[in-house]
There are 2 protein chains.
Amino acid sequence: MNTPSPHILVVDDHRDIRETLARYLVKNGLRASTADSAAQARKALKAAAVDLVVLDIMMPGEDGLSLCRHLVETSSQPVILLTAMADDTDRVIGLEIGADDYVTKPFNPRELLARIRAVLRRTTQGARDRDPVEHEELHFEGWRVDITKRELFAPNGRSVPLSSGEFQLLRAFLKRPNMVLNRDQLMDLTSGRTPGVFDRSIDNQVSRLRRKIETDPRDPRLIKTVWGGGYMFTAPVRDKPS
Amino acid sequence: MNTPSPHILVVDDHRDIRETLARYLVKNGLRASTADSAAQARKALKAAAVDLVVLDIMMPGEDGLSLCRHLVETSSQPVILLTAMADDTDRVIGLEIGADDYVTKPFNPRELLARIRAVLRRTTQGARDRDPVEHEELHFEGWRVDITKRELFAPNGRSVPLSSGEFQLLRAFLKRPNMVLNRDQLMDLTSGRTPGVFDRSIDNQVSRLRRKIETDPRDPRLIKTVWGGGYMFTAPVRDKPS
DNA sequence: GGCCATCTGATACATCTTGTTACAACTTGG
DNA sequence: CCAAGTTGTAACAAGATGTATCAGATGGCC
């Protein structure tokens with residue numbers, strides 16, 4: 001399990017489209033989950049770390065456009081809109097709201113896949129979808145992380161010892177920078193177990209990690225808290241210093 | 001103006017399309033130049049710093065697709081392909097070659113403009129200055145807001161701690177300056193939940209935000225109250241002056 | 001095994017955040 | 001000026017978060 005393949009969330013109220021598309025994406029090396037309404041989509045987004053959302057804007061109940069607006073405003077996932085009407089007005093509105101792309105039904109799944117890949121290519125940073133190299137090195141703000149050797153080096157070059165759990169947490173953050181990860185997702189990405197009801201272990205690990213990598217743990221610049229949402233790593237992460 | 005407006009190169013062998021589109025782009029605050037063949041396009045690319053290329057792939061002489069491939073491989077300009085045929089195969093080929101978007105003729109100029117803006121938004125900050133993380137920075141009245149890092153800096157440079165909710169509210173305002181936003185809209189833009197009947201939470205958040213960013217909270221200069229309408233942020237907001 | 005250091009989740013408690021409520025001040029229309 | 005409705009904000013409570021401390025668990029070492 002080197003680099004997980006990008007996870008796509010397909011939101012559409014038509015069961016056949018939803019399922020067919022998801023299967024097609026999986027067959028092409030992506031991970032996919034589905035939702036049949038805006039409400040369900042919100043739940044799915046909380047349950048797993050999603051990298052891109054394919055969203056039908058014409059759905060009963062909550063408007064797709066409203067969900068799209070909310071996603072663009074508050075989260076960092078790119079959005080590709082899907083619609084039955086080939087109406088120019090709606091196309092433009094979608095793009096102006098901030099969706100990353102727009103595909104009209106009936107769509108060619110191969111085209112949608114190409115667009116998904118194009119958007120991912122532009123939006124993912126770091127080594128997210130790069131080939132697993134044997135010496136995976138990540139850099140941020142002068143820090144250097146050797147993923148395979150599980151070592152962390154401070155900007156001054158000194159090695160900082162991290163425990164296993166702290167390292168897994170850091171790696172989870174580095175692979176998804178600028179993305180809010182809630183406690184369930186972090187638990188899944190680090191230990192893989194299911195969190196208890198009053199589970200504070202992630203909070204503890206974050207606290208311990210902060211103590212080691214933040215200049216001032218009381219005013220964290222790297223690992224931000226998003227109240228009611230989780231945590232977010234914010235720093236330019238790059239693959240190798242050029 | 002601090003940041004020069006993006007320069008678009010329109011490559012098409014139809015004079016009317018070329019000129020009309022260029023005029024439309026200029027009218028909408030972009031700079032534009034034109035070329036009627038792949039050869040001329042290459043000259044234009046050498047003559048001026050072009051930010052994005054709109055390229056008709058069906059042209060006499062050198063193939064548009066070949067130029068597109070060349071651009072994608074050797075330069076960093078994003079490319080939007082333009083074509084007369086609504087053939088799926090060509091669409092997909094274009095995207096797979098690495099074009100950033102694809103529009104079929106006849107096209108709605110407003111849509112093309114929206115797509116140009118979308119592509120520029122994605123590519124400008126990222127690839128250009130080698131910083132893979134999109135550093136979305138907004139400025140108003142000496143204040144500086146780092147959207148991705150969720151940080152606010154006062155005119156004196158000192159960091160002002162904002163809670164998660166306060167930050168989301170400020171961001172919603174900054175993205176829509178001089179626009180009256182009612183409580184439902186603000187609720188949707190910040191928390192995404194549906195407001196109760198006697199919901200005063202927005203009022204409270206506004207009050208808390210004002211306390212932090214207004215010089216005199218009792219005489220607010222930045223966040224105005226519109227009686228019976230909502231609130232409005234009024235201050236010249238500009239993008240990162242780089 | 002016995003000893004020790006380290007790691008990690010659980011617990012507890014201080015602190016922070018936010019929606020709710022209440023009430024005073026203000027606005028509007030008559 | 002009055003009544004009804006709207007807004008500002010203090011006070012409060014529920015819930016979320018930060019982290020010190022502790023107890024098992026684990027693993028190295030003799």
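Here is how names work: the chains are called A, B, and so on, in the same order as the sequence lines, proteins then strands, and each is numbered from 1.
Looking only at distances, a side-chain donor or acceptor of A/Q40 sits under 3.5 Å from a matching main-chain atom of A/D36.
Between B/D219 and B/R221 there is a salt bridge, with a side-chain nitrogen of the basic residue lying less than 4.0 Å from a carboxylate oxygen of the acidic one.
Contact between the side-chain N/O atoms of B/S207 and the OP1/OP2 oxygens of D/dA10 is not found at any separation under 4.0 Å. Here A/R210 reaches the OP1 or OP2 of D/dG18: one of its side-chain N or O atoms lies under 4.0 Å away. OP1 or OP2 of D/dG18 lies within a sub-4.0 Å distance of a side-chain N or O belonging to A/Y231. A sub-4.0 Å separation between OP1 or OP2 of D/dT7 and a side-chain N or O of B/R183 is present. At least one side-chain nitrogen or oxygen of A/S163 sits closer than 4.0 Å to the OP1 or OP2 atom of C/dT8.
Interface remark: the B/R208 side chain does form a donor-acceptor pair with the C/dG19 base, using a distance-only criterion of under 3.5 Å. Side chain B/R218 to base D/dG8: no donor-acceptor pair is found below 3.5 Å. At a cut-off of 3.5 angstrom, counting only N and O atoms as typed in the model, there is a donor on one side and an acceptor on the other between the side-chain of B/N204 and the base of C/dT20. Under 3.5 Å, the side chain of B/R200 and the base of D/dG8 form at least one donor-acceptor pair of N or O atoms.
Here the C1' atom of nucleotide C/dT21 and the CD1 atom of B/I202 are 17 Å apart, to the nearest Å.
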